[in-house]
Structure formats: structure tokens, C-alpha cells
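Every heavy atom of this structure was used, including side-chain atoms; hydrogens, water molecules and symmetry mates were not. Here is the naming used below: chain letters follow the sequence lines, and residue numbers restart at 1 for every chain.
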Protein chains: 2
Amino acid sequence: MDVDQVPAKPTDAEAGRPTLKTIAFMTGLGVTTVSRALKDAPEIGLETRKRVQLVAQQVGYRPNRAGVRLRTGKTNVISLVLDTQEQVGSFVSDIVYGVSEHIAQTPYHLIITPYARDKDPMEPVRYVVETGSADGIIISRTVPNDPRVRYLAERGFPFATHGRTQQNAHHPFHDFDNSAFARLAVRRLAEIGRKRLALLAPAASLTYSQHTRDGFAEALAEAGLAEAPFSGVTADTSLDEIRAATIELMRREKRPDGIVSSSGGASFALVAGLEAAGFSLGQDIDIVSKQSFGLLPLFRRHIHVVNEDFRLAGRELARAVLGAIDSAPLESLQSLVVPSDVVSPQR
Amino acid sequence: MDVDQVPAKPTDAEAGRPTLKTIAFMTGLGVTTVSRALKDAPEIGLETRKRVQLVAQQVGYRPNRAGVRLRTGKTNVISLVLDTQEQVGSFVSDIVYGVSEHIAQTPYHLIITPYARDKDPMEPVRYVVETGSADGIIISRTVPNDPRVRYLAERGFPFATHGRTQQNAHHPFHDFDNSAFARLAVRRLAEIGRKRLALLAPAASLTYSQHTRDGFAEALAEAGLAEAPFSGVTADTSLDEIRAATIELMRREKRPDGIVSSSGGASFALVAGLEAAGFSLGQDIDIVSKQSFGLLPLFRRHIHVVNEDFRLAGRELARAVLGAIDSAPLESLQSLVVPSDVVSPQR
DNA sequence: TTCGACATCTGTAACGTTTCAAATTCGCTT
DNA sequence: AAGCGAATTTGAAACGTTACAGATGTCGAA
């Protein structure tokens, strides 16, 4: 039976990593002076500051995160709260990349805090706040009256939301104008002569679902078109169910001749469904779908798409939380991407 | 001009978060005793241990990560190193979810460390090791003689690779048997009477590209089929280029009547290309493709697929690094998923 | 020559944790 | 009755950082 002979982790100094003490020794100064000099504090002589900074730079000094965090409470971490039940072809990688990209030039690290959609969405947020494990949070799948937003706002914890809420005016966010998307989509379908449209909307509870439906209804009225109700399914529904529901939809007497789809992934199932029901895309019916990958036009030549850039969203969200952390003016932390056109197949 | 009146972050105690001191006070014990009691150290009286644990549990004590980290060097963080230039429909989200899922039941946090494929892949790894910002690393896109593996192994830094290397025998990994995939694919194509096959392989430098090509060549020989060389493109190539190259490929005299594709995303472009060249999938040619989303069969009914589960990969990788961290036996930290069948369209 | 004002610099303490060496208690042995 | 050892418990120190309150030195004014 052998004893755990774990070779205890070396301290920074032991590992040859320079600390303030190292630099203090090298420069012959006190630790305090070095600390302040590295922050360019004015009460340190200019020459001393330069000298310290030079040495620090030469020896590759990096502040020990644990030290800073323990002393100041600043974690230099931002937490991205993610729903782990995201649908196929989800945008997640791109958001993550976008956030990383922005954050790369800062001392911040990105940590992923997962939760299951069907569990309590407050859980991860509470965890981060209660344990103080990050300086800021990014949340998505916002609902109009979002308890997470209330919770975070009440405590003054810096955050940014992907999607708007009713409390919009008071917190940083980034959003895609889904209302505009739906209007563009409906108008395009109207232009090509479609008369009765269905909408595959996002999960009803989410804020942007309402936006989408509003834009859809508005443009429908404006163009004088009819709606073919497509209930029971949302962009969160499984592909199999969407396919089945689409078959059912197309067999109705008042079937649609146009569909607006909020989800690129779901559009695959939509098309599969309508083809299974014996209809032909571009012939009997047209679809305008949002997409974030470029895959839909390869999928079916006739599909119309509106692109949503999630990497950009990630970048904006990162900018927003960081801004929130050092209390930048709110207006600069809110952004909305308005889609400007539908990409339609060549004639 | 207003002074920065930042309301300095409260300490744990100030914020009402219990610390060891709090519990020590409540129980009337010393801080040391409390610390040890919480770890169930045998030298603390049984009753005391129980008592301390009860109180800790009641007040919701959570060890301060910065404190632990500063004192012990243990970060309770694992770093997932990601290539931010990943192709469309990348597997990234699923890996992230898989890792999160496994890690959720542990004190570990997941941090994403990004890098650009065309920059130095050593950079992120060096960063993590030098700054000691994690207890373990997961890397992917491994090459046979991977400098990152050498670097990490030399320093005894715990890690796991997604994909194997030449130093296989000496480090934890998780991999999908791409050689088996290629063999299955070729055999299926042979079964349905295809004679000349092309392979869309992963980027040549990656270990699993070699595996794929080996399996492909082997099964080709075994079945007595010919190869239509498909050079210049890999699974990393842009979809546009793949599409163009496929058109070119199909216009050759010795065009393939079967393609094995290592990437679900790329298969979209493959199909688009061959259709643009005037050929018909399932008629003139068949494709067997790996996929991680379920989208391909919806895309074209005739496509044959082999599923690769990246969420599982994430879980296994997490298990592997954690194992590496507390020096579990190597064998238990290596796993290989062998695909067992090709899912072909209904007749 | 002394003194204060200013510019620079510095030691100490503290953040929350764990480790080390030592202290205390208690029951037994002799 | 004294001493010993085992079982428990403990304070002090340290990890690397920053804030606070002082210390030191310089220089010009009186």
C-alpha cells in the first residue's frame, strides 16, 4: 500500500514564476512600490515606474490571479450561462468564439456555466453571484419579465443579455431585430405572390418570439395576407415533431403557400415535412428562414434566407458586460442588429 | 469632475458569505479544526466533524476559490483549448456541453481558451501552463507528433487529447475510430455496387486524417475497388471551394461513383457540387458521410451516414483530464468509440 | 540652521485557505 | 503520584496581492 506521494504544486516562486517580491528584489524596491509602479501610480517617480515596468516585462511578470482575487475580489472572469439542451446546429459555438475573440485582448477569462433548460434557470445565475465566481454574466434565452434580470439588477451585478426584456431600458443587451426579420420575410413572400403564410416562431415564452410574431402579424396585415396557424411547434421542438407537424399543416384545406422560419435547423425539418406531404419548395410553397450557418441554400436552392451573425453577437455581448463592469454609459452597451435584406435564390 | 466612487467589492465576510472563520466562531472551534473537519480528517473527533459539517451545510459554506488556489495552487479549473476558426456546424457546442455535463458534479469550472488555427497552437497551452491557470487541459486537432503533447508531458501537466498521437501509449485521450468509419463506408459503397471511390479526408496534418486514409485504402484494396483521387480539398476547406472542387472532380473521365466524407458540413458542399455538375445522388453516385447533427438525411434522402457523438466525446474527455489530474491509471483514461454501422436510406 | 511641505517610497495587515509544529486534555501504566 | 502516549485541538505562518498609514529624504523659506 503506497502513500499518496503527490508532489505538491509548486508556488509561483518555486516554479520560477516571478512575483512582486521577485521584482522588488531585483529592483531593490519594496513590494508596495513595485505594485504601484506597475499600475503607473503617479506617486511613484517616473523613472522608477519605467524601471520597474521594464524589469517586469523582461522577466515576464504576470499578476497571480488568485492573489489579486483574494485581495480585491476581482475575478477577471466572465461567465457565459448556457442552456445545454440547445437544438441542433445551435449558435453556441459562434457566440463562444465571439466572446472569446473580444475578451482575448483583456485580462478576462471566459467560463461556461451550464444549466438545463427544464431545470431552474435561476440556478446558475445565483451560483455565480453567490459565490462571486465572476465579475460579469452573459445570459441568453431572455423572457420579457426575466427573473434573472431582476435578480442581477437588484444586486447591481454586471450583466448583459442576449435578447431584450421589459426592463430593457435599464440593462445592457444585444439583440437581433426579429420583428424586422419577420417583416422582411413576409414582404418577400408577398412580393413573389404568396397569399397565406405560416410562422414557425421561437419558443413562445422567449422575448424574441413575441417580437417575431408581432413583426409577422404587422407585415401580414400591411400586405393583406392570410395566416395559416402553425401551432404546437416552435423552433425548440424536435426535428421529428416539426416534420410531422408540417405534414399535418400541409394537408389542411387552408394550407400555407409560404412559411417564415425562425430557425435554420428547424427549416430542414420543415422542408422535409412539406416534401413528404407531396409539395415542392419554390413551386407550391416558399420558405424564408433565418440561418446562422450558410447551409440552407445548399440544402435547397429555392430557400430564401436572412443571415444572423452569432459571432458578432458574442463580440457585442462581451463588449457589453465588460462595459457594465466598469460602468460605461448604458447607451453604449445596447445594440440591435437590424437585418436589411432577404437573400433569395437566383431566378 | 467626479472621483471614482467605486463601491469596492465586499469581502466574503462583508457580503455575508460564511468563511472558515465564521464557522469557527459559530462552533467555538479553531479555524484549523474547522478546515480539517470539513475534509473529514481522521484526527478530528468524529462528533466534532459531524457538528462542523452540519453547521457548514446549514450556513451554506462554500470554500473561497481564491483562498484555496492561493494557498494550494489548485485552481479547480479545466481549460478547453479551442480553435476559433472551426468550420460551419462544428462540433464545438456539443463538446462543450459534454464537458460541462461531466464537470457539473465536481468542483471544477470550465474555461475556454481560444486560439487561431493559423497562429501558434502552442500559445494557448503555454499560457495555461505558465500562468498555472488550470489544473488540466483538453486539446483537440491533434497531429501525430504533437508538440503540445510533448510540452505537456514533459512538464507532467495533466491533459487529455481529442484524437490520438504517436505518443498515444503515454497519455489520456478520447477518439473516434475513423479508420473503422472509413472501412465501414467503403464496404457499404461496395455492397451497393460502387466501383470507384473518392475520399474527402480531414486536414492532412491531423492524426485522424491518416487514420481515415488508412482505413479507406485498406477497405478499398480488400473490396478491389479503385480510388478517384480527390486532392487539394479537406474537411477544413471552405464550402465554396469544396463545391467547386467537386464539380471539377465529377467532370473528370475517371469520376467516382462513391464518396466517403469525413465531415457532415462538407457533405452539403459535396452534394451541391455533384448536382451542379449534373449528377444525381443515389443514382449516379452515393455518399457515406460522418455527421454529428441529424441533418444530412433530411438534406438528401439518399445519403448514407455514420453518427459521431461529440457530447459523448466531451464527457469522456472531461473524465480523462480529471482522471489525469488525480493520477488514475492510464488505461482507464483512454477511450475509443468504434462505429458499428452505416445508416442507409430506406429502399 | 531649522522647519515644513512635498515627493517618494515602504512596512504591516488583511483577503481565506492549508500546513506545520506545538499545545492541551485525558486515560493509563508504573 | 507521576509520567507517558494517544487523541484532539490549536496558533502562526505562508501563498501573492493591495490599501493604509507612515517613514524617509529633499528643498526652499524663514
For residues 131-141 of chain A, dump all side-chain donor-acceptor pairs below 3.5 Å to protein atoms at least two apart in sequence or in another chain.
unit_1, atom_1, unit_2, atom_2, d
Thr131(A), OG1, Tyr127(A), O, 2.8
Thr131(A), OG1, Ser133(A), OG, 3.1
Asp135(A), OD1, Thr75(A), N, 2.9
Asp135(A), OD1, Thr75(A), OG1, 2.8
Asp135(A), OD1, Lys9(B), NZ, 2.9
Asp135(A), OD2, Thr75(A), N, 3.3
Asp135(A), OD2, Thr75(A), OG1, 3.3
Asp135(A), OD2, Asn76(A), N, 2.7
Arg141(A), NH1, Asp236(A), OD2, 3.3
Arg141(A), NH2, Asp236(A), OD2, 2.6

Options dC15(D), dT18(D), dT9(D), nucleotide nearest the side-chain atoms of Leu29(B):
dT9(D)

Roughly, in whole Å, what's the span from CG in Leu20(B) to C1' in dT19(C)?
13 Å

Euclidean distance, atom NZ of residue Lys74(B) to atom C1' of dC15(D) [Å, nearest integer]:
17 Å

Round to a whole Å and report the spacing from CG of Leu70(B) to P of dA13(D).
17 Å

Gap between atoms CD1 and C1', on Ile23(A) and dG16(D) respectively (whole Å):
12 Å

Quick one: Asn64(B) CG to dT17(C) P, roughly how many Å, whole number?
5 Å

Please work out which residues in residues 32-56 of chain B have a non-hydrogen atom less than 4.0 Å from an atom of DNA chain D and list them by number.
Thr32(B), Thr33(B), Glu43(B), Ile44(B), Gly45(B), Thr48(B)

Would you mind reading off the distance between Asn76(A) atom CG and dT17(D) atom P, rounded to a whole angstrom?
13 Å

Nearest-nucleotide pick for Val68(A), side chain only, options being dT10(C), dT9(D), dT17(D):
dT17(D)

Between the side chain of Thr207(A) and the main-chain N/O of Thr142(A), is any donor-acceptor distance below 3.5 Å?
yes

Would you tell me whether Gln53(B) and Asp40(B) have side-chain atoms, one donor and one acceptor, within less than 3.5 Å of each other?
yes

Does Arg117(A) make a cation-pi contact with Tyr115(A) (under 6.0 Å, within 45 degrees of the axis)?
no

Exercise: identify the closest heavy-atom pair between Thr22(A) and Arg17(A)
OG1-O, 4.4 Å

Please report the distance, rounded to the nearest Å, between CZ in Arg65(A) and C1' in dG16(D).
14 Å

Taking any heavy-atom pair under 4.0 Å as a contact, classify Gly30(A): base, sugar-phosphate, or nothing.
sugar-phosphate

Is Ala13(B) touching bases, backbone alone, or none of the nucleic acid, heavy atoms closer than 4.0 Å?
sugar-phosphate

Take the angle between the ring planes of His162(A) and Phe310(A) and call it parallel below 30°, perpendicular above 60°, tilted in between.
perpendicular

What is the separation between atom CZ on Arg69(A) and atom P on dG16(C), rounded to the nearest whole Å?
13 Å

Distance only, no hydrogens: is a donor on one side chain within 3.5 Å (strictly under) of an acceptor on the other, for Arg150(B) and Asn145(B)?
yes

